[in-house]
Each structure stands twice: as C-alpha cells, then as structure tokens.
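Just the heavy atoms: all of them, side chains too, but no hydrogens, waters or symmetry mates, feed the values below. Below, chains carry the letters A, B, ... as their sequence lines are ordered, and counting in each starts from 1.
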2 protein chains.
Amino acid sequence: MELSERKQKILGAIVELYIKTGEPVGSKSLLSELDMSVSSATVRNEMAELSALGLLEQPHTSAGRIPTNEGYRYYVDNLMVDRQVDESLRRRIEAGFGSGISDPEKLLERAGEVLADLTGCAAVSTTPSGEGAYIRRVEAVPVGTRTAMIVLMTSTGVIKSKVARSDFDLNASVLESFYNVVKASFVGKLLSEVDTPMMQTLVASMGGDVFTLLPLITAVSDLAQEAVHTEVMLGGQSNILHHNNYYGNTAYELLEFLRRGEPLSKLLSTATEGKDVDVKIGSENPYRQLMKSSVIVSNYNIDGNRRGSIGIIGPTRIDYANLIPSVKYLTDLVGELLTQTFKEE
Amino acid sequence: MELSERKQKILGAIVELYIKTGEPVGSKSLLSELDMSVSSATVRNEMAELSALGLLEQPHTSAGRIPTNEGYRYYVDNLMVDRQVDESLRRRIEAGFGSGISDPEKLLERAGEVLADLTGCAAVSTTPSGEGAYIRRVEAVPVGTRTAMIVLMTSTGVIKSKVARSDFDLNASVLESFYNVVKASFVGKLLSEVDTPMMQTLVASMGGDVFTLLPLITAVSDLAQEAVHTEVMLGGQSNILHHNNYYGNTAYELLEFLRRGEPLSKLLSTATEGKDVDVKIGSENPYRQLMKSSVIVSNYNIDGNRRGSIGIIGPTRIDYANLIPSVKYLTDLVGELLTQTFKEE
DNA sequence: AGTTAGCACTCAAAACCAAAGAGTGCTAAA
DNA sequence: TTTAGCACTCTTTGGTTTTGAGTGCTAACT
C-alpha cells in the first residue's frame, strides 16, 4: 500500500498519540501536536481517506480516530523507528538478573519477571527446548534401601530429578547394571529418541534384570519426556489489570487463557519463524482471547540454535517503538547467558 | 458473647444468605428464606440489636444488613457446622494429583492449583520448611573439564542443584578431596548450621585445597541456603477477578501484594500456631491489602512435624462452611503423600 | 413482656433530560 | 488543492425525578 508522505506523517502521529493517551485523536488535537502548515480541514480529509483505506476507524461517528489493526501493522512495518535501548534501561535489565542464576528454568522465569516489570505487560517465557538436545548424564543416588533419586542432565543444562522406588533392594550390583543400561541405551541419545517403542524394545531385551531395574529405567524415561517438553512460564499477570480498560472487560478471560500453557506454547513456537522479533497485532493472533491484544515475541539462541522464546502480551496500543527493542535486547542477553554457562569446555 | 437462640438463628441465616447472594439481606427477604413464625418487624428488632452488638452493619441507612468481621467471626466460631467433604470432591482432589509427583516443590505447586480450581479462590502454598532438616547427600557431577553440577538433597526430599565453575581442572583427585570435605563438614549437618561463620572457619581450615575447591564448596553452601528458605507459591490469581466486586476496586493491589512472597510467607508461618485450621477474617489480617479478604490456612505435617502451609484467599464472604474442611482435607492429603514418599526405609 | 401492623422517612440506583463539547462531513469560496 | 464555515451527530456530564427496598418508631394487640 502506497501512502503519500503527508498521509504517512499523519498516520504515524495518530498511532503514537493514541498509544500515549488512549484517547481517540481528532483533527484539532492532532494539529496541536504536529507542526504542519495545513488546516484541520485538510487533515480531516486525509483522515477520511485513511479511514477508507481501513487504517483508521472511529468508535462512533462524532469521535476522533483510532488505528485499526491494519493501521498498527502499517505503522510497525513502515513508519516506526526503533528506539534505542538506553543505558539506564540496560542497567535495570542486567540488575534484574542477580548474580549467576545457573538453572535455566529459574533464569527464564526471572527473565519473564524482569520483562514484565520493565514493560508493564504480562510476559511469557519458555524453557530451552529439548529438541536436538541429548542426554548428557544420568545418576542414581540411593536415598533408602529401596529408593533412589534419579537425576538426568541434558546437553542444554536442564536438570530433572525424580524419586524411583523399587520392590527390591538397590544394592551395588543392581546399581551397576543400572549404569550399564544407562550407558548403553540412554547417554548420548537425543531426548526425542526416548519414546514408548524405544522403551519397549529396551525392556524386551533386558532379560532377568527387568524386575529390579524397571522402576529406575522408567524414571529415566519419564525425566527425558519431561526435559524434552518445554515449559511455559508466565509473569506479571497483574499488569493486565492496568490495561483493563483497553482489553474491554475481558481481563478475566485473558488471564484464564494465559494460565493454560498449551495454546501459549503453540503461539510462541509458531511465531518468529526466521524473523528477528515477531509482532502479532490483535486479530492477527490465532486465538479469540487475544483478539484485542498484541503479542511481541523473540527467540533466544543457545550456541546459535533457536531454543526458546520470550515475549510480552499487552493491549494493541502497546508502545511498539520502545518495547520491541527491549524484548529483543532481553532475549539476546538470555541467549548469551545460557550459552556461556553451558558451553562445554 | 451470649446470644439468644433466635438471634443465633437469625445471624446464621443472614451470614449464609449474604455469602450466597452477595446482596445485603433485609428483614423480608430473610423471612422468606427462613421459616419462623414471627413477623418482619420482630426480625427487624432483633437485627437492630445485632447491629448494636457490632455483629451486623448496613452499607447505608436504608439497606439490608451485612455481617461485620465480628459477625463472621461469631458465625465461624459458634454457628457454622462444617460440611463434610463429599465423595465427588475427594475424587476431584485426588484426581488433581496425577500419578506420583515426587518433587515436593511440584507437588505443592500442584496442590495450590487444585485448591484454587476447587474453591474459586487464590491459593498459596509453601514448600516444606528446611527448619530442622539436614543435608542427606551431596553429589558433584562433572559436566565439563572445569564445571560440575552440584546436587544437594535434604532429609525432607528437597533437591537443589547448581552449576559450579572452577578455574582449575576438576580431576579425580580434586573430586575426591571435595567429597572428603563434604563428608566431614556438610553431610548430616542441619541446613541452618550452614551459615557465613561456619563457612569462614571451614575455608580457614582448608589450607592449600581452597583455591580449587572454593567454587564447589560455595555452591554447596548456596544450595543449603536455598533449601532452608521456603518458597511461597501462588495459584489461581485469576479467580480474584471473579470476586472483583467484593474486593472493591482493589483487585490489582491485592494481586500485587500476593506477588511479593515475603509478607505472604510471614502470614502463613505466623498463622495456625497449634490450631487445626486458621481463619483470619478481614481486618484480623495483619496487612492492609488483606483488610477485605479472608484467609484460610492449614498446615501439613511430614512425619508428624509441621513443615509448611496451604491456604486460600478470598473475599470475607467466602463459603467458610464448605471451604474450611476442603483446605483441611487437602493439607492432610499432602502431608500424607510427602511423608510416604520420603520416609526413610 | 413481647409481638405486630402501619407509616413516615431515607437513600442508592435507575431513569430521564438538557446542555456541553469534541469532532465530523460537506459545501462553497479562495 | 486547500480552507473557512456550518449544520449535524453522538458521547459525556450533570442535575432532577422516580422508584423501591428497607428501616425505625409508635401505637395497638396478645
């Protein structure tokens, strides 16, 4: 869509003013913000044309204009200039991560909280995906005569642990055969390879040990499943209430939607294929509950591989120019931290 | 405070009706709910006296009555009959805990979610306190030449892990001396004994090993700190919006308050000294933000020792008769599960 | 005594109405 | 193409009235 330079200027100003104030902007109040050597009538004509193009709309006939989703889209794609993430903000972000959080889950949770505080939006983050990760190590730590804590560590540094209880004593020889099985069949395997068929053939091939070892082996498999499954974390829910007005009265519905991890996880994973930062505006979102919200998502990479996402959810009149760079900055930082902490040396 | 039988009946009915409808109850509507062979005027007289006693109040002169905090208190202490937790509810609770969650943190988080869903309130739960718990086991699992994952397990089954990185290679002899130090100075110690002075004397006594071992030892100490510190978890925040009306317009403030763990944690720990289930009504709560809320808390025991709490937060017109037993039932169940899973055999 | 019918009174909430004001679209002149 | 002017629209605001549930009090009744 080609727009005259003046139309672009007007559209941009309307979007930014509306984002700032939340009030529909009329021709007069627009002129007082913008120094243009034209009259309000001229602006009105331009605004009428922008409405005809579907970029602006009116809540009712005698009100000012607000951007449509398409209006925001045009703004984000063509008009917006990314604000730099300024020094003080950077410091706040970095201060947000206390000294060395090494657990990736904790780190991501923290990242979500920091982002929520910073942006005044709800924030979501996913733990590093187990896709492509392999099992680096498995340990069985006896805690009783018949119980052991199974600890699994992945190549991405995720740790999962679980208590396994057997009907037989877990003496040294049992543990030894456990480690043999682990070494032969688990260590080095991709997490995604540990599935039901794999387990079935493994069990079938185990012979007599199966009764003593089964609970332990099952625990390992459970942990692998857990580790491959990325977890979605949510922070800053209360911020949604701040935007209450702009969400209509559906704040509750939105909160309920965000509580359910699955749709969110899908949302995050389908977003940002290739792109740097993905912005979905209002009805561009695939879920009914997000029709009045905008979502800004970016990926973080560990060692160059896309491993998870961090994003924020706010009203469609979210401050794109400032927040898109913030999200980007944070995800890059998280990626660096995780890469650094878990680089094999 | 002594009340005539009729006053008790009236007070009880008002409380229950108001809890059900949320509307101030007047003399007429009360009579239609209650079969009493007296006229509305008589009821009015009684209500006026109950108001004089501070048990009822009126939002404005020409409205019905609602219970004061003292009114609720009298109801809870004297009038209420606990409803039995019926079979179907029990099944829902038990179904809420999928098969064997062995990680106590996960279990408590789940318990909070279950309770929130069940009661329609926000729910809080604390992880088992490390008070009185000792270090059962420490493992160092090398993950690179200079990094190791330190895993600490407590006597209450809590697992904490963390990556430690050293400036020196972590070969077998380093690990051996690490295990020696651990065995001598950590295993069997109470978590609370691992504090700064203890670490200082330990480091002072270590001699030459200190440079290679310090990062590992520090990690152990960090983990002990983490483990002794109970974590507060919050679930069902969105339920608060359902009660929005009854909280006034301060839903946001309440949510913000609940986000901060410290005051909550204090609240839970000071509550229920000795008692079975503790109920704090409105201004009985020590925090301004909870003045319009009621809190129902109960403790769970592991192996007979009080280890943590689970509770719900709702409007003062919460359904005490049903929810108090539910909270009790759930905490008992959680205690049983945790005791069972982590009993030393 | 305790109870009840009756009645005047109160007050929030709903309904109604009027005026204000911001903004528009259109027309006609520059 | 731009602009001044104007009639029109529709929300917002504020004030007034009506309604209705509920009260407290008094006087009669049991």
If pairing requires Watson-Crick or G-U wobble contacts with both distances under 3.5 Å, which nucleotide is the partner of C/dA1? none
Base, sugar-phosphate, or nothing for A/S29, non-hydrogen atoms under 4.0 angstrom? sugar-phosphate
Whole-Å distance between D/dG22 P and B/R65 CZ? 11 Å
Is it the case that the base of D/dT9 and the side chain of A/T61 share a donor-acceptor contact (distance under 3.5 Å, atom types as modelled)? no
B/T331 and its side-chain hydrogen bond (donor to acceptor under 3.5 Å, both in side chains) partner, picked from B/S298, B/S326, B/S309: B/S298
How far apart are the C-alpha atoms of A/E256 and A/R259, what are their side-chain angles, what is the distance that settles it, and do they pass the salt bridge (Lys or Arg N to Asp or Glu O under 4.0 Å) test? CA-CA 5 Å; A/E256 264 309 304; A/R259 250 166 56 96; 3.3 Å; yes
Scanning both residues in full, the closest heavy-atom pair of B/G120 with B/N239 reads O-CB, 3.3 Å
Toward the 5' end of DNA chain C, by each residue's nearest nucleotide, B/V38 or A/S62: B/V38
B/E23 CD to D/dG20 C1': how many Å, rounded? 14 Å
Checking all strands, does B/S37 fall into the base, sugar-phosphate, or nothing category for heavy-atom contacts under 4.0 angstrom? sugar-phosphate
Measure NZ/A/K28 against P/D/dA4 and give the value in whole Å, please. 11 Å
How far does OH of A/Y329 sit from CG of A/L118, to the nearest 0.5 angstrom? 11.0 Å
If you assign each of A/A41 and A/P24 to its closest nucleotide in DNA chain C, which residue comes earlier from the 5' end? A/P24
Which one of B/Q58, B/E57, B/R65 satisfies the side-chain hydrogen bond (donor to acceptor under 3.5 Å, both in side chains) criterion with B/S51? B/R65
Under 4.0 Å, heavy atoms only, any strand: does B/S40 hit a base, just the sugar-phosphate, or nothing? nothing
Is the phosphate of D/dT2, meaning OP1 or OP2, less than 4.0 Å from a side-chain N or O of A/R6? yes
Taking a pair to mean Watson-Crick or G-U wobble geometry with both distances below 3.5 Å, D/dC8 pairs with C/dG23
Write down the distance between NE2 (A/H60) and P (D/dC8), rounded to a whole number of angstrom. 19 Å
Residue pair B/N45/B/G64 against DNA chain D: nearer the 5' end by closest nucleotide is B/G64
Which nucleotide span of DNA chain C, 5' end to 3' end, has atoms closer than 4.0 Å to non-hydrogen atoms of chain B? C/dT3 to C/dA12
Can you check the A/R44 CZ to D/dT9 C1' distance for me, whole Å? 14 Å
Suppose we screen for side-chain hydrogen bond (donor to acceptor under 3.5 Å, both in side chains). Which residues come up paired with B/D319, at least two apart in sequence or across chains? B/N322
Evaluate B/R91 against B/E87 for salt bridge (Lys or Arg N to Asp or Glu O under 4.0 Å), listing each step before the verdict. CA-CA 6 Å; B/R91 258 201 294 275; B/E87 190 55 35; 3.6 Å; yes
